[in-house]
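Worksheet: one structure, shown below.
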Amino acid sequence: MMNVLLFGRLAEICGSNNYTFDLKDTDSVCDKLSEDFPEIKRLSFAVAVNQKLVVQNTELNDGDEVALMPPYSGG
Amino acid sequence: MMNVLLFGRLAEICGSNNYTFDLKDTDSVCDKLSEDFPEIKRLSFAVAVNQKLVVQNTELNDGDEVALMPPYSGG
Amino acid sequence: MTEEKKHKKVFVEGPITPIFIADSLAKHAAKHNIGAHSMFMGQVRADVKEDGQVVTGIEYEAYQEMAMETLHQIREDAFAKYSLTCMHIYHSLGLVKTGDISLFVFTSSVQRRAAIEACDYLVERIKREVQVWGKEILESGETVWKRPG
Amino acid sequence: MTEEKKHKKVFVEGPITPIFIADSLAKHAAKHNIGAHSMFMGQVRADVKEDGQVVTGIEYEAYQEMAMETLHQIREDAFAKYSLTCMHIYHSLGLVKTGDISLFVFTSSVQRRAAIEACDYLVERIKREVQVWGKEILESGETVWKRPG
């Protein structure tokens, strides 16, 4: 099982900032959420696994923390 | 008559921050002070007449304010 | 290095007040090798949206664990690049109303160029790289996700 | 334009305090178009001189009429060059002790680049062009005229 964190507009669209999934890689997480919430397909976002940015599909292990992050807008 | 203002190290050397002279131009002011206080010949300083910098010898009129200014060191 | 030491406090709940900033500055009076301080403060603007509604505040959220890691790296890079005596970064979480401060970057150095350039460098990297999101609150209570900038 | 309006207050007797700086900042909370503030503070260092004596403070004097004229021109140039909302410059006169602030430059703008760049520009021009002289006071009471920098 892995904890999926959603931020900003993504959390708003998906109705929660936190989902628990049991999936094999980051692409599967994105696919699953895109299926349930097609609106997120129009958004650009970065993916992090255990607080490290990943740019390619990344295998997930039990207990991993996945984060889907729209462009940052702090300051 | 013209009021001659001295600042920083110049005032220290000349023993006053303020002299009154009756001289025809800025070179004469510098010459007069250099004669009385030869130590100032070793210093570089800018000259202003009525709060405007002058780079060449400048004629003086009654009531002018002349300032002799070492390099600025504020801040 | 423990997490505690590695990660200086950055996030504060609500606005960063002028008094907080004055206190930060006052603490440096005892550091007698400092000759220059540079500060940047981000203030929440009352922007007018397309429909004519005015922004009344911004609600900030962060992915704190990751943001702290990112800030740690930015801080290390700045210390390597500039000859700094001190460096402090504070960012608000939660609601910050229009006119209040949400970001405070503060650098100090012996000679002025280091503080000035490092402050500029930090602000640009923080804006681009730190995992924080702002949601603008409009007069009607509607919200608009802030765009990066 | 009257002299009064043309020449904003710049010179303050003694150090510029953190509270003065906090007050200056707080006054801008009502300006809802401001998105960024940039500040520079010059602090008096306890430099060690060749003979081993430590600087305990700096005594500042200015040719005030000319300095105000110079600052007016610098201010006009900065407003022409950068898109600023506000600009404030304060410099100490008289004694400022080690660890205290003697120069405070404060710029504000809608977008951050203008405030940051204008603050930097102002500091450099003030240091080079404004008719102010500092005299370092050493432990023994001896004095050394500060070098430009």
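So that the names make sense, note that chain A is the first sequence line, chain B the second, and so on, each numbered from 1. In this text the structure is predicted, and so the values were computed from the model without any measurement.
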inquiry  = Using side-chain heavy atoms (C-beta onward) and a distance below 4.5 Å, is C:M41 in contact with D:R112?
reply    = no
note = Heaviest contributor of heavy-atom pairs below 4.5 Å to chain D, chosen from C:S24, C:G42, C:G149, C:C119, is C:G149
note = Pair count under 4.5 Å, heavy atoms only, with chain D: among C:T98, C:V105, C:V55, C:V54, highest is C:T98
inquiry  = Nearest 0.5 Å, please: how far is CG in D:L25 from CZ in C:F104?
reply    = 9.0 Å
task = Could you please state which residues from residues 29-40 of chain C sit under 4.5 angstrom from chain D, measuring non-hydrogen atom to non-hydrogen atom, sorted by number, or 'none'?
result = C:A29, C:K31, C:H32, C:N33, C:I34, C:G35, C:A36, C:H37, C:S38, C:M39, C:F40
inquiry  = With chain D as the partner, which of C:S108, C:G99, C:S102 has the greatest number of non-hydrogen pairs under 4.5 Å?
reply    = C:G99
key: CD1-CD1 distance between D:I19 and C:I19, expressed to the nearest 0.5 angstrom   = 4.0 Å
Max heavy-atom pair count under 4.5 Å with chain D, selected residue of C:H28, C:R45, C:E117, C:K127 = C:R45
remark   = Counting heavy-atom pairs under 4.5 angstrom with chain D, the leader among C:I101, C:D120, C:V123 is C:D120
